[in-house]
Structure formats: structure tokens, C-alpha cells
Chemist: 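I am attaching a structure below and will ask some questions about it afterwards.
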Amino acid sequence: MSKVYNTFIDYIEKRNPNEPEFLQAVTEVAEDLIPYIEQHQPELLKMKVLERIAEPERVISFRVTWLNDKNEIEVNRGYRVQMNSAIGPYKGGLRFAPNVNLSILKFLAFEQVFKNSLTSLPIGGGKGGSDFNPKGKSDTEIMKFCQSFISELYRHIGAETDVPAGDIGVGEREIGYMFGQYKRLQNNFTGVLTGKGANWGGSYIRPEATGYGLLYFVSCIYDYRSEELKDKIVAISGAGNVAFYAAEKAIQLGAKVITLSNSQGVLYDEQGITSEKLAFIATIGRDLDKYISKYPDAKYYEGKKPWEFKCDIALPCATQNELDGEDAQKLIDNGCTCVAEGANMPSTAEAIKLFHKARLIFAPGKAANAGGVAVSGLEMSQNSIREQWTKEKVDKKLHGIMENIHRTCVKYGHEDNYINYLKGANIGGFLKVAKAMIAQGVV
Ligand code: GLU
């Protein structure tokens, strides 16, 4: 790597100590961007575009106090990282999970900038959340926490300023409680949050969008290679929204889904999870071990991950760094040919290096999982014009957006006989934001 690259990474490291996830995300981008900029647009270096894009425009950190069901006071920390607003209002989810910290939210916000740019919609990048653990909390506790959280955040967000949505631990229920409290405080009904219920301002297909979008992207990959997706064996991790709807769409497209997973282990169904079996999973949620009582031919392995089972396509849909070098090697050895990320940064840097070395197709989250935020962008459009589009219309637009992202990745990621989707996504996502930043002057 060049001197410019080393100086930049050194600068980021010193400036953001103890933020390994953020450093990982910036490094992943810089490895592709710096050689490209040095060759094609060296003027961007003088304009400090990289230093600017890696510095959040604003970081808000606040106390969230609330009363649990035993009437005890609980204290959590809330955040919003407003990363970049060059091409539109800050946009990105809120994550409620005990491991949430500034490094994780900065990495997510940074990724979001590139992802949102790739959707071709006018949305900037942001991310937020709290170290609040929703597991085991009653519905009243969830509501009290959400109300307290938004009672501070409300002054920093708005339909034209910053539009949060869901992420891990935040779904339609939490968005509802936050939206209700925002509306009470501001006395207006605006599209300040996305992922709302379909009967109170939400968009159809938003719950399905990340998972469906992921499979639309994978279809584009296979179409581009003139190969069939039908009958391919698919290993999926996770048991949340993304994993569930990825499985649903994969099954609809004729692929064979053999795994899902939760934090304790993996569900392995060699026969394939059918639509009927998936409908059963909808009733047990994350308790995947209960599947075995109904379908005894399947297995639930505690402490295992999906990546050791033979598959053609791996779809990590759980969380960051869930797929490491060892897992990557197992996938490669078992003949897997395509990894597409439903989660944000689920593959470690070492895993990605191995995928590229083995010339396996690797579609990074910022491209492959952009369907969720894309439909959030469509929800914003519908809110602005006070319309609600049909399911068919939203689904068609989502499909078109994923095809467009695929085209961008191919355009910028083309190498001899190989598409480097990560490079394509990094460069394609960056150029639009960089141009807008320059047009808007030194701000
Ligand atoms: N949290 C999702 C993501 O990682 C969706 C964000 C949104 O809809 O704003 O892209």
C-alpha cells in the first residue's frame, strides 16, 4: 500500500483510539479508495475529502433514564452519529443492544453513508442507538425506555434533518413508541422515522425489504454470470427480520435453504426449509431449537455456526464480525461460490481477504443489504407526498434499485475476469458523496 494510505490509516488510528470496528470499516474502504483516488482524482487528496468523510459531522451522546417494572431507576446511554449530510438528511437505523458503543455506531454510520449513496436516493448517513438490552424486558419497559430515549433525541431529528429507523433490537413496536412520543412532543405528524406500521405512515414491503433486496442482489450476480440460482444450496445465519425474509425470498426463487441460527447455535435442515416450515419458524421466533420437535429430521447444534455446512451461497444476516477467517476457509474448502452480506460488516477483514484470494464472489453489506434503507427512502417519499404505494409498486422499485446497485458494483469493481464487488461498492458509493461535498464548499 502507498505512503498516502499508510499516513491516512495512521491518522485515523490516532484520532479514534479504542474504536476497532470503526477502524476496520474505514480501512476496508480506504484500501480500495486511495489507489483509485491517487490514479484518477488526486485533487480529492488536497481537498481532504477522505479526512472529512471519516469525521462525523456531529455526535450526540445522552443519558436515558427510565423506571423498570419494579419501579427501580435504570440508566442507559443513547447516541446518534450524524455522519454525512452531503446528499440528503442523515438516514440510518437505531440499534438497541448491550454491546452498543461509539465505535460500533461510528462504523455503522460510516458504512451507511456509502450504502445510502449506492441506493441513488437523496439520503445522507447516520446511525444511533443505546446499550439498552431489550431481551427479557416487558412491553411497558420497552415503551418507557423508547419514550425516554426519544424525549432527548427528538430535538436533534426531523423529516428534513435526520430520519432514524430500526436496526438490531428496534422493530415496528419500538418505532411506534418513539413515533408516538415524538408526535406528542412536537405536535406534528411527519415522516421523522421510517419502519412505521403500514396503517400509520409506513411503507409496504419495509419489513421484508432487506432480506428480499439481498436475494434480488444475489439474483443479479447469478444472472450476470449466466448461472441459475434455482436449486443452489443456501446457508443463512440469524433469525431476525433480515434472515427470515432472505430465507422466504430464496425459497420463492427455488433455492434450498439449509440453515438459520441464533446466538446459541445453528438449525440445520438438510432437506431444506420449505415455505411451510418457515411459516412454523414465524411462530417460534428465535427459539430455533423448537423446530426439531416438529421436524425431527433436522438438527439444532449448540455452539456451531452455519459456515461449516456445505453450501453454494452463504448469507450472513446476524451481526458484525460473525464470520471470521476460519469460517471463510471452511466455506471455501466446501465449495461455496458466493457470500452476500445481509448484516453490516459480518465478515472480518481476514475473511474478506480469503474470499478475494479464492476468487469467490463477495458482495458486501453496503451493497447487498441496501434494500432496507432503500425502502425507508421510499417511505420518506410517500410521506412527503402523502401517498401510500401498493406492495407491487414498492417491490418493483426495490428490485430496480438493487439492479442499479449491482450495475454500479460491476462498473467500478471490474477486474480481469473477476468482479470485486467490495471495490465497486466503495468507489461507486464514494464518488457521489465526494462530488456533493466539494460542490458545497469547505463545510
Ligand atoms: N438499519 C438498516 C441498515 O442497516 C436500515 C436503516 C434505515 O432504514 O434507515 O441499513
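Atoms within each ligand, like the ligands themselves, are counted from 1 in listed order. Everything numeric in this text was worked out from a predicted model, so none of it was measured. Only heavy atoms go into these numbers, but all of them, side chains included; no hydrogens, no water, no symmetry mates.
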Chemist: Does ligand 1 have an atom under 4.0 Å from some heavy atom of Gly166?
Modeler: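 Gly166: in contact with ligand 1 (<4.0 Å).
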Chemist: Return yes if a side-chain donor-acceptor contact under 3.5 Å exists between Ser120 and Lys432, otherwise no.
Modeler: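 There is no such pair between these side chains.
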Chemist: For the pair Phe179 and Trp200, name the ring-plane relationship: parallel under 30°, tilted 30 to 60°, perpendicular over 60°.
Modeler: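 The arrangement is tilted - the two ring planes meet at 30° to 60°.
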Chemist: Any atoms of ligand 1 less than 4.0 Å from a non-hydrogen atom of Lys115? List them with their elements.
Modeler: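 Close to Lys115: 3 (C), 4 (O), 10 (O).
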Chemist: Can you tell me which residue and heavy atom of the protein come closest to atom 6 (C) of ligand 1, and the distance to 0.1 Å?
Modeler: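 Nearest protein contact, heavy atoms only, for atom 6 (C) of ligand 1 is Gly93 N, 3.6 Å.
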Chemist: Give the residue, atom name and distance (to 0.1 Å) of the protein heavy atom nearest atom 1 (N) of ligand 1.
Modeler: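 Atom 1 (N) of ligand 1 sits closest to the protein heavy atom Asp167 OD1, 2.8 Å.
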Chemist: Does ligand 1 have a heavy atom under 4.0 Å from the side chain of Arg206, from its backbone, from both, or from neither?
Modeler: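 Contact part for Arg206 vs ligand 1: side chain (C-beta onward).
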Chemist: With no hydrogens and no angle check, do the side chains of Lys144 and Gln147 hold a donor and an acceptor under 3.5 Å apart?
Modeler: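 Checked: Lys144/Gln147 side chains show no N/O donor-acceptor pair below 3.5 Å.
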Chemist: Are Glu248 and Tyr212 close enough, and set up right, to give a side chain to side chain donor-acceptor pair (under 3.5 Å), and what steps lead you there?
Modeler: CA-CA 8 Å; Glu248 185 174 276; Tyr212 280 16; 2.5 Å; yes
Chemist: Which of the atoms in ligand 1, numbered in the order shown and given with their element, are less than 4.0 Å from a heavy-atom of Lys91?
Modeler: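 The list of qualifying atoms is 7 (C), 9 (O).
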Chemist: Measure centre to centre between the rings of Phe96 and Phe149, then say whether the value is under 6.0 Å.
Modeler: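 Yes: the rings meet the under 6.0 Å criterion.
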Chemist: Starting from the C-alpha separation in whole Å, work towards a yes-or-no answer on side chain to side chain donor-acceptor pair (under 3.5 Å) for Lys423 and Tyr36.
Modeler: CA-CA 9 Å; Lys423 182 167 139 192; Tyr36 179 86; over 6 Å; no
Chemist: Is there a side-chain contact between Gln181 and Tyr177 (heavy atoms, below 4.5 Å)?
Modeler: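 When only atoms from C-beta onward are counted, Tyr177 and Gln181 do not touch, as no gap falls below 4.5 Å.
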Chemist: Can you tell me which portion of Lys127 lies within the under-4.0 Å heavy-atom range of ligand 1? Options are side chain, backbone, both, or neither.
Modeler: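 For Lys127, only side-chain atoms sit under 4.0 Å from ligand 1.
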Chemist: Is any N or O atom of Val163, backbone or side chain, closer than 3.5 Å to an N or O atom of ligand 1?
Modeler: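 There is no such contact.
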Chemist: Atoms of ligand 1 less than 4.0 Å from Ala165 heavy atoms?
Modeler: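 Answer, ordered by atom number: 7 (C), 8 (O), 9 (O).
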Chemist: Measure Gln112 to ligand 1 on non-hydrogen atoms and call it side chain, backbone, both or neither using the 4.0 Å cut-off.
Modeler: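 Side chain only.
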Chemist: Just let me know how Asn369 lines up against ligand 1, side chain, backbone, both or neither, with a heavy-atom cut-off below 4.0 Å.
Modeler: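 No part of Asn369 comes within reach of ligand 1.
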Chemist: Please write down residue, atom name and distance for the protein heavy atom closest to atom 8 (O) of ligand 1.
Modeler: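 Here the closest protein heavy atom is Ser376 OG, 2.5 Å.
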Chemist: Could I get the full list of side-chain hydrogen bond (donor to acceptor under 3.5 Å, both in side chains) partners for Gln112, not counting sequence neighbours?
Modeler: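 For Gln112 the side-chain hydrogen bond (donor to acceptor under 3.5 Å, both in side chains) partners, ignoring immediate neighbours, are Asn116, Lys127.
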